[in-house]
Structure formats: C-alpha cells, structure tokens
Trainee: 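Below is a structure I'd like to ask you about.
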Protein chains: 2
Amino acid sequence: MSTPTRRPRADATRNRAALLAAADDAFAADGAGASLSAVAAGAGVAIGTLYKHFPTRRALVGALLAERHDALFARAEGVDLATWLRWVAEHAATYRGLAELIASDLHAPDEAGDRLAADCARMAAITERTVGAADLRADVTVDDVVTLMNAAAWTREQQGAEAADRLIATTLRGMSP
Amino acid sequence: MSTPTRRPRADATRNRAALLAAADDAFAADGAGASLSAVAAGAGVAIGTLYKHFPTRRALVGALLAERHDALFARAEGVDLATWLRWVAEHAATYRGLAELIASDLHAPDEAGDRLAADCARMAAITERTVGAADLRADVTVDDVVTLMNAAAWTREQQGAEAADRLIATTLRGMSP
DNA sequence: ACCTGAACACCGTTCAAGT
DNA sequence: ACCTGAACACCGTTCAAGT
C-alpha cells in the first residue's frame, strides 16, 4: 500500500536547501513572521516553489527547528530542571515569536501530526521526566513547570537572558519544599 | 504662544467616538493587530479619517486604554503586591498582544511622550511603590518583579487566569524572605 | 516531477481633492 | 476644519501553464 520513496530531482533538493537557508536568515532577522515572498526571493526561487516544499509557515519553521531540537533533546539526558528550563528559554530565542509558537503547541498540541508537533511532544515528555527527578513541593504540578518554561522563554525573547534566568531561579525556589 | 483649544466640529467628535467603539470590537475579537481598514469600515468612516484622528495604531490603542488605566490605577492604592500583579495580568488580557506592548514599553519607555507611555510610567511607579511596601528577600529587585508582572500578563493571555495566578503565587513565594 | 509567475484578495499609509 | 477615496507599495495563497 505504501508509495515507494523516490529520489527527488536534483533541482528540488537544491531549492529546498536554498529555501531553508534564506528562511533562517529572514526569521533570525525579522522573527518567525517574516515575509515569505522575501524568503522565496532570497532563495532565488518563485513563490510557488516555496509553497510546494513547505505548504504552511509552520512546516517551514518545523523543518528549520528539526536539527536544533534533535541537538537540544540529545543533551537533555540527566540534566537538572533549572538547566533544562534555561536551555529551552535560550532555544526559544532563536527566532522572535518562537516562544509563543511552542507555548501554544504545548498547551494545545497540534493534531496535524507534523514535525513541530512531534518535537513539542518530545519537549513535554522531557519536561515531565525532569520534573519527576526534581525535588519539588507536593502541590506543584507539571503544568506549573510548563507555564514557567513558556514564561521564561518569552521573557528571554523580550528582555534577555539575565531576566529569564532570574525568573527561573526565583520561581524554582518558590517550588522547592 | 499656545494655540487656543477650539471646539471640535460635531462630526469629528462623532467620528472619533465611532472609531473607538469599532476599534474596541475589532481588537477584542482579533487582538491589538486587527485590521485598521476593518475598523474604519466598522465606524462607517473613510480610512483617512481614522489616520487623521489616530496617526498610529499605538495612539488608537492608547486612547482605548486610557479609561481602563485610570480605573486600574485608581483602585491600586494600598493594595498588596500579589493582588496588584493579578490585576495587571487580568488587564493585559483585554486585547491579545497587549501584554507584549506594555512589556516593551516598561522595559524601554517610549520617548514620544504619548498617552500610552505616560500610563506605562504610572504603572511602573505603582509597581515600585507596591514592591517597597512588600516584604521581600534583599536580593530581589524591582526589575525582577516587573519581569514577573509581564510574564504573568503574557501567561494570562496565552493560558488563562489560573495558570497566571499560580505563576504569581509561586514566584512570590520564591521572593519572600 | 517540479517550477514559474500571473491572479486574486487583502492590508498599511499617504495625500490631493473635495465640502 | 474635516472628510473622502484613489493611489502606492506591500503581503499571503492558489493554480494554470510550462519544462
């Protein structure tokens, strides 16, 4: 029943790579809401080609974050909660608007089953595991920690790393027994 | 040297009121980034009239919030820090995107000297006064509390009142001596 | 199998012309 | 003194036509 995976045409491979590179530049400069026309132009490709490769902005962002997420999750093994929260906040600063995107997916997981949704599910699982290994007050829920993680990521975006780190440290103190 | 204030023409007064009403509807429904064309249409007025009355989106938002801010600041007298933070978070939920607007102004005050900037300055002053009256650890700064206030406002927008209230309560516990 | 770019529907902002 | 709406420059998204 499954369609055999065929080798993509050489120009398709090249265009996809050029689109990702141009999108990374544009998102880094203007945030995750940057102009897609500009991305296509930057990649030297027609706008229709961008939509062929990435039907939605979300798909493009998800593809760009895939490697970063793999790297982030790979080094999360055995790390303590404070460090994990700082890393996620730092990660969310990759593109302006990313904190909101991740927060909304963590809060209401996307049913579409795309790459970004899968990554957010992995992020939620790691957070839950890390919370389990931490020593916290009995009335603190995993949701409370996810809320702090999202808030710290947004604070990192708006006000920088120091403000985010201080929020994490102070709130975790309030969560300790 | 000062220009005498003249009575505005009757149609101007009416149009201004219609624009504010239409903008409140649009911003409540679609957030503070809602279409200004739609606002003008909703007010039964040409787009140029909107720009005449409110040269920037910020001016329109500032005019809409003026009354709300007056009410909020009026009842802030003598209130404790936890309550003040909950009120600001609740207020920021008026329009989607408002938390970010206020946070950026508190962090980097607008020099333009418009109504919104003045209101944010008042908000900062009340926060400082309320922090002064609270019993907090010596290493907690006013900036830390402003960070929490902004984060709670954004959390209120994204995840609702319960998540925001729990973040405030937990973080304040971490700030207490 | 993939790419192009015109087409459509929108939006923000300005400004000459009206009354 | 104020209002109108055309004009301009942009953007997202689709889809027929090409190779």
Side-chain angles (χ1 to χ4, degrees), chain A residues 2-23 25-64 95-97 100-101 112 114 116, chain B residues 2-23 25-64 95-97 100-101 112 114 116:
Chain A
S2 65
T3 315
T5 307
R6 294 180 195 286
R7 222 150 162 263
R9 235 165 60 179
D11 57 347
T13 308
R14 226 172 341 153
N15 286 341
R16 200 188 125 92
L19 282 164
L20 286 171
D25 284 353
F27 292 168
D30 303 332
S35 157
L36 296 181
S37 315
V39 169
V45 138
I47 185 67
T49 301
L50 184 153
Y51 278 92
K52 180 82 198 304
H53 285 272
F54 306 102
T56 61
R57 183 184 293 273
R58 184 183 162 89
L60 181 51
V61 173
L64 275 170
Y95 309 128
R96 229 171 328 121
E100 183 165 342
L101 200 68
D114 60 0
L116 186 56
Chain B
S2 67
T3 316
T5 306
R6 294 179 195 287
R7 223 149 163 263
R9 234 165 61 181
D11 56 347
T13 309
R14 227 174 341 162
N15 286 341
R16 201 188 124 94
L19 281 165
L20 286 172
D25 285 354
F27 291 169
D30 302 333
S35 158
L36 296 181
S37 315
V39 169
V45 138
I47 185 66
T49 300
L50 184 151
Y51 278 91
K52 181 81 198 304
H53 284 270
F54 306 103
T56 62
R57 183 184 293 274
R58 186 183 160 89
L60 181 51
V61 172
L64 275 169
Y95 309 128
R96 228 171 328 119
E100 184 166 341
L101 199 69
D114 58 1
L116 185 55

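Sequence lines set the chain letters: A, B, ... in the order given, protein chains first and strands last, and positions in each chain run from 1.
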Trainee: Write down the partner of dA16(C) under the Watson-Crick or G-U wobble criteria, each distance required to be under 3.5 Å.
Mentor: dT4(D)
Trainee: Rounded to whole angstrom units, what separation is found between the CG atom of L50(A) and the P atom of dC15(D)?
Mentor: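 In whole Å, dC15(D) P and L50(A) CG are 17 Å from each other.
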Trainee: Using a heavy-atom cut-off of 4.0 Å across all strands, would you classify T49(B) as base, sugar-phosphate, or nothing?
Mentor: base
Trainee: Rounded to the nearest angstrom, tell me the gap between atom CZ in R14(A) and atom P in dA1(C).
Mentor: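 Taking atom P of dA1(C) as the reference, CZ of R14(A) is at 18 Å.
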Trainee: State which of dC2(C), dC3(D), dA6(C) makes the closest approach to the side chain of I47(A).
Mentor: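 So the nucleotide nearest the side chain must be dA6(C).
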Trainee: Heavy atoms only: give me the nearest G42(A)-A22(A) pair and the separation to one decimal.
Mentor: C-CB, 3.9 Å
Trainee: Just call it for S35(A): base, sugar-phosphate, or nothing, with non-hydrogen atoms closer than 4.0 Å on any strand.
Mentor: sugar-phosphate
Trainee: Given atom CG of N15(B) and atom C1' of dA1(D), what is their separation to the nearest angstrom?
Mentor: 12 Å
Trainee: Nearest whole Å is fine: how far is dA1(C) C1' from D11(A) CG?
Mentor: 9 Å
Trainee: Which heavy-atom pair separates A63(B) from L20(B) by the least distance, and what is that distance?
Mentor: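 Scanning both residues, the minimum pair turns out to be CB-CD2, 4.0 Å.
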Trainee: State whether H53(B) places a side-chain N or O below 4.0 Å from either non-bridging phosphate oxygen (OP1 or OP2) of dC2(D).
Mentor: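 Checking dC2(D) against H53(B), no side-chain N or O comes under 4.0 Å of OP1 or OP2.
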Trainee: When you look at L64(A) and Y95(A), which way does the side chain to side chain contact (heavy atoms under 4.5 Å, CB included) test go after all the steps?
Mentor: CA-CA 11 Å; L64(A) 275 170; Y95(A) 309 128; 3.7 Å; yes
Trainee: Looking only at side-chain atoms of S37(A), point me to the closest of dC11(D), dA6(D), dC2(D).
Mentor: dC11(D)
Trainee: Hey, which sits more toward the 5' end of DNA chain D by its nearest nucleotide, L36(A) or G48(A)?
Mentor: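 With G48(A) and L36(A) compared, the 5'-side residue is L36(A).
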Trainee: Take atom OH of Y51(A) and atom P of dA6(C), then tell me their distance rounded to the nearest Å.
Mentor: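 Nearest whole value for this atom pair: 17 Å.
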Trainee: Quick one: look up who dC10(D) pairs with, Watson-Crick or G-U, both distances under 3.5 Å, and put none if it's unpaired.
Mentor: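 WC or wobble partner does not exist here.
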Trainee: In whole angstrom, what separates K52(A)'s NZ from dC15(D)'s C1'?
Mentor: 13 Å
Trainee: Any chance you could measure L116(A), atom CG, to L60(A), atom CG, to the nearest 0.5 Å?
Mentor: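 Atom-to-atom, L116(A):CG and L60(A):CG are 11.5 Å apart.
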Trainee: Can you spot which of I47(B), V45(B), L50(B) makes a side-chain contact (heavy atoms from CB on, under 4.5 Å) with V39(B)?
Mentor: L50(B)
Trainee: To the nearest Å, give me how far apart CZ (F54(A)) and C1' (dT13(D)) are.
Mentor: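 It works out to 17 Å between those atoms.
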Trainee: Return the value, rounded to whole Å, for the distance between atom CZ of R58(A) and atom P of dG12(D).
Mentor: 18 Å
